[in-house]
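No experiment lies behind these values; they were computed from the predicted model shown. Numbering of ligands and ligand atoms starts at 1, following listing order.
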Amino acid sequence: MYFNGTELKKVFLKAKKERFGIIASNVVFDGTIRGLLQGYDNKKSDGLLQISSGACKYAAGDSKDLLVGAEFISSMVKVLAKQFKKSGVGLHIDHATPNYFEFIKDCVENGFVSSVMIDASKEEFEENVRITKEVVKLCKKHSVTVEGEIGYIKGTEDEIVSETELYTSPEEALEFVKQTGVDLFAASVGTNHGVTKGEKVVLRLDLIKEIDDLLIANNVETGIVLHGASGLTAEQQQTAVLNGVVKINKDTDYQLLTAQAVQAYWEKEKDAVVCPEGVNNEDYTPDKSRFDPRKWTIKAENAVQEQLESLVNITGSTGKSIV
Ligand code: G3H
């Protein structure tokens, strides 16, 4: 089923209380959405799908009209989600920088999403708080969940690029959460956006615990979000969850698996579209039964589903749906 913001809040509260992690998956294409929804439902795990500004522009086509793209993806998610009864998913705007305030507003007011991330982390602290508070005020009216961020997460995530890593300070995190009233809080603890190898990144998972303890001690317990989580080891993700993370963001993993699945198919089935060496072109007929896009895009869809099913086992959300 499709979750509104009120239901999503329950999902994250449960995750925080019982210490498991919800996998938040970036999407653009229908096949990815389908694979993920099937995966969440098979595992009776709730989930979150995420759209970035870049994804919305792509989905709209030449117009690059953000709202058209958001409505298109939102409709696909809502229609497909209806058929799944053992789990629920929300739709979230990922990393919306302050220049996308109007986009957030339109999406929220039109009911395209149930959750929003305002990423004003490049602003000075006071300005970040001011902008985030504005988004919280807007979203509260529509019961939409809000995620905020302080600190920089290194790497490239769609239109978000950061050369530097700035670890989140627990004291600033406390101030930020207290002043803004966000539902979810993204901390920068050493993960990178992009292709990362878990053992090679210097993770400060202890920082997550420090932030979590401080928030709890000050009666503002909040779900912590781990960005740039592709490529992390199972142990790293499980420790992050034990330390207070409730939302684990994944994008690059799915992109890579999609490319690998399609590449493997075409490596094997090349002669379905390319005349093999030694065969006369006049004697060659492309094989429609193998180049039909449904035959090879399903490979990517299956790979994404398989990955999701293994991820929810790792983060412990299997069987924990609130549905
Ligand atoms: O917000 C999205 C994520 O942080 C994605 O990170 O590309 O490393 O999976 P990733």
Side-chain angles (χ1 to χ4, degrees), residues 12 21-29 32-33 35-36 39 47-58 70 73 89-97 100 104 113 115-122 145-168 182-205 208 223-234 236-237 240-241 245-260 300 303-304 307-308 310-312 314-315:
F12 287 116
I22 296 295
I23 298 291
S25 310
N26 283 65
V27 296
V28 189
F29 301 104
T32 318
I33 295 171
L36 291 167
L48 196 62
L49 301 187
Q50 314 197 123
I51 45 175
S52 63
S53 47
C56 293
K57 286 179 191 167
Y58 182 91
I73 299 175
V89 294
L91 185 61
H92 173 84
I93 302 179
D94 192 25
H95 285 291
T97 42
Y100 286 120
I104 292 180
V113 295
S115 180
V116 157
M117 176 186 190
I118 173 69
D119 178 359
S121 59
K122 286 273 165 68
T145 308
V146 180
E147 173 184 341
E149 173 178 332
I150 53 172
Y152 308 155
I153 296 158
K154 204 174 165 186
T156 303
E157 172 63 19
D158 228 50
E159 297 179 335
I160 305 290
V161 181
S162 180
E163 301 296 336
T164 43
E165 173 80 49
L166 181 65
Y167 289 85
T168 301
V182 287
D183 304 289
L184 295 164
F185 171 72
S188 173
V189 295
T191 54
N192 299 324
H193 284 137
V195 184
T196 48
K197 286 282 163 281
E199 317 78 39
K200 290 184 189 153
V201 291
V202 185
L203 281 193
R204 292 278 322 273
L205 297 175
I208 298 173
I224 299 171
V225 181
L226 189 65
H227 280 254
S230 285
L232 296 185
T233 65
Q236 287 170 328
Q237 295 176 77
V241 168
V245 162
V246 293
K247 175 172 177 275
I248 299 190
N249 285 14
K250 299 276 180 179
D251 185 10
T252 306
D253 264 1
Y254 304 130
Q255 293 178 341
L256 181 60
L257 286 165
T258 294
Q260 285 171 336
V304 164
Q307 173 72 353
L308 190 267
S310 119
L311 286 171
V312 296
I314 290 171
T315 63

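Only the side chain of Asp94 comes within contact range of ligand 1, with a heavy atom under 4.0 Å; no backbone atom does. Neither the backbone nor the side chain of Thr191 has any atom closer than 4.0 Å to an atom of ligand 1 (non-hydrogen atoms only). The parts of His227 lying near ligand 1 are both backbone and side chain, judged by heavy-atom distances below 4.0 Å. Contacts between Ala229 and ligand 1, counted as non-hydrogen atom pairs separated by less than 4.0 Å, involve the backbone only.
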Could you go step by step and tell me if Asn249 and Gln50 meet the side chain to side chain contact (heavy atoms under 4.5 Å, CB included) rule? CA-CA 9 Å; Asn249 285 14; Gln50 314 197 123; 3.5 Å; yes

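Among Asp251, Val304, Ile33, the one residue that satisfies the side-chain contact (heavy atoms from CB on, under 4.5 Å) test with Val27 is Ile33.
No hydrogens or angles considered: a donor-acceptor pair under 3.5 Å links the side chains of Tyr254 and Ser25. Looking at His227 and Glu149, their side chains never bring a donor and an acceptor atom within 3.5 Å of each other.
Between Asp251 and ligand 1, a contact under 3.5 Å exists for at least one N or O pair. Between Ser230 and ligand 1, a contact under 3.5 Å exists for at least one N or O pair.
One finds the CG atom of Leu205 at 9.5 Å from the OG1 atom of Thr191 (value rounded to the nearest 0.5 Å).
Checking side-chain atoms of Ser230 against main-chain N and O of Lys250 turns up no donor-acceptor pair under 3.5 Å. Of the possible donor and acceptor atoms, one in the side chain of Asp183 sits under 3.5 Å from a partner among the backbone N and O of Val146.
Every atom of ligand 1 is numbered from 1 in the order shown, and the set under 4.0 Å from a heavy atom of Lys250 is 9 (O). Per-residue contacts place His95 under 4.0 angstrom from the following atoms of ligand 1 (heavy atoms of the residue considered): 1 (O). In the vicinity of Asn26, heavy-atom distances shorter than 4.0 Å reach the ligand 1 atoms 2 (C).
Nearest-residue assignment for atom 10 (P) of ligand 1 (options Thr252, Leu232, Ile248; heavy-atom criterion): Thr252.
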